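Given the structure is predicted, the values throughout are model-derived calculations rather than measurements.
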Amino acid sequence: MTPPKKINAFTLIDATISDIHAAYAEGKLTCRALVETYLERIEKIDRSGPKINSIISTNPRALEQADALDAAYAKGGPVGPLHGIPMAMKDQGDVREMPTTMGSVLFEGHMPERDSFVSAKLREAGVVFIAKTALGEMGAGDTHGSLFGSTACVYDRSRTAGGSSGGSGAAVSANLVTAAVGQEGFASIRRPSIWNGIIGMRPTAGLVSRGGVYAGWPSTNGSLGPMARTVTDAARMMDVMVGFDPADPITGRGVGKAPGSYVAELGNGDMKGKRIGILRTVMGYHSEPTSDDFKAVDALFNSAVLDLKNLGAEIVDPIEIPNLLELLAQRSADGAAEEESFRAYMAGSANPPFKTMDDARGHPKFKRVFHGVKTRWEADKSPEKFSAYCVAREELMTRLLKVMAENELDAIVHKAVEHTPTLISDGTAPPWTDQKGAPHLNTFLIYVPSVVVPAGFTDTGLPAGITFLGRPYSDAEMLSLAYGYEQATSHRRVPDFGEL
């Protein structure tokens, strides 16, 4: 395993926000030195050597901004709760110094010249955005794109990092940044988080704005969320990211729903007396319960359930949600909202290459976009199908809450992903394997939170994890439960890239 990188007396590998802030306070570290070291790792690990291929662009002003933060610190202390923390943004959200490409040749060189709402909030809190991360092209599926290629899983580089926030997952796990922002409309935060051995959270819709992010309002199913190596760091990000944004009206639903501090609500990780329902229904996308890797994930899940019981949780195993699969099968996209969302995002960019989705479809470069984009953009999105989905969504929410009430549950736990990472070669040519094993219960319902935590590795060294899913706006409670499990099990494993 690669020896921990040291900056004077500071150990970089898996350093937390608290570690970094302590080093700043003790005079062992500067923001400039930290940013320089991360940028060096990006060159050695992402662009050469192992070639994870998780970073699309870096911030040309990152060192200048780090210097400014160091100067401010010397003058009066930290500028905010995330002072000097180097982060990455999924290349679907705007950061003013870098292009927003969506991983597509259609948007190569696209410079919106603005911060998204969340980027601005994190920047004000002291974050230095040093990179934009790879994604499933146009936010579609596993992390393959016509502009950059494919992003690899940090534990097996022949396999996909997952998607669509695969670049963020791989970059955080590989210690190329301290943490990152992901975006999820299906399983786009949770799956790449687990397949790269980190924490991922898809907050309840309405807590975090999508202003300045592709695929935002009036579409409602996508949410931005934190991706970090610890639950505490994810909670620290949530403390800054939440907030009302008039440009994203869905955030009106989140007003008054966030605690004073998600970090403060973590508590001590005590699970005694918490009632947890175990959802074992096979509900992952294209899951194959008879396959060896499904069985390997199932064994790790059983061990995790036992761990929860040993930690003092009251386990209700199994729980059943009536007609779950039949209702999930009604999922459909709101085609009209997607078209309007595209127009709204482009209207806010300083340099929009297109005004409408039809403009993009008609461009000669559209022939070069990844297979998954064409599949999604050309899918049947009739109003009738979307209407049936909305009815099914309301019915499923009622049934889920009824099951939780009848069993007096604090949370539901299910597999984060029902399969281990799939081969890149299988996703970039027939059979076009994509999102295999990904459950989408939370994004089907939209208004429930999910937090995923690593739950160990198979005998072949591939990762698995569990999901804590709760009632609408129970985000703080899900983080607290995830924290308790994380602290007791410590399944996070630093990727081994050999000697660099």
For this session: Not counting sequence neighbours, list each pair that qualifies as a ring pair (Phe, Tyr, Trp, His ring centres under 6.0 Å) and has a residue in residues 82-108.
Result: Y24-H83, Y73-H83, F107-H110, F107-F354

For this session: Can you run down the salt bridge (Lys or Arg N to Asp or Glu O under 4.0 Å) pairs that involve residues 231-249, sequence neighbours left out, and say none if there aren't any?
Result: R210-D248

For this session: Measure from NZ or CZ of R114 to the centre of the six-membered ring of Y345, then state whether that distance is under 6.0 Å and the direction lies within 45° of the axis.
Result: yes

Problem set entry | Sequence-distant partners of F386, ring-ring contact (aromatic ring centres under 6.0 Å, His included), two or more places apart | Y389

Problem set entry | Contacts of E43 that satisfy salt bridge (charged side-chain N to carboxylate O under 4.0 Å, His left out) - sequence neighbours left out | R47

Which atom pairs, one a donor and one an acceptor, fall under 3.5 Å between side chains of residues 369-376 and the rest of the protein, sequence neighbours left out?
from: K374; atom 1: NZ; to: K367; atom 2: O; distance (Å): 2.9
from: T375; atom 1: OG1; to: H371; atom 2: O; distance (Å): 3.1
from: R376; atom 1: NH2; to: Q435; atom 2: OE1; distance (Å): 3.1

Seminar exercise, completed: In short, side chain to side chain donor-acceptor pair (under 3.5 Å) pairs touching residues 424-434 with sequence neighbours left out are none

For this session: Could you list all the ring pair (Phe, Tyr, Trp, His ring centres under 6.0 Å) pairs where at least one residue sits in residues 159-190, not counting sequence neighbours?
Result: F186-Y285, F186-H440

Output a table of donor-acceptor pairs, distance under 3.5 Å, between side-chain atoms of residues 212-227 and any protein atom two or more places apart or on a different chain; print 'none' if there are none.
from: S219; atom 1: OG; to: N221; atom 2: OD1; distance (Å): 3.3
from: N221; atom 1: ND2; to: G185; atom 2: O; distance (Å): 2.9

Exercise. Got a sec, which residues hit side-chain contact (heavy atoms from CB on, under 4.5 Å) with E36, two or more places apart in sequence or on another chain?
Worked result: R32, L63

Exercise. Any ring pair (Phe, Tyr, Trp, His ring centres under 6.0 Å) pairs touching residues 41-66, not counting sequence neighbours?
Worked result: none

Exercise. Can you tell me if CG on D67 sees more than 12 non-hydrogen neighbours from other groups inside 6.0 Å?
Worked result: yes

Exercise. Have S165 and S188 got a donor and an acceptor in their side chains that come within less than 3.5 Å?
Worked result: no

Problem set entry | Geometric cation-pi criterion R393 and F444, 6.0 Å radius, 45° cone | no

For this session: Output all residues satisfying side-chain contact (heavy atoms from CB on, under 4.5 Å) with K355, sequence neighbours left out; order by chain, then residue number.
Result: D359

Exercise. Does E124 have any side-chain contact (heavy atoms from CB on, under 4.5 Å) partners at least two apart in sequence or in another chain, and if so, which?
Worked result: none

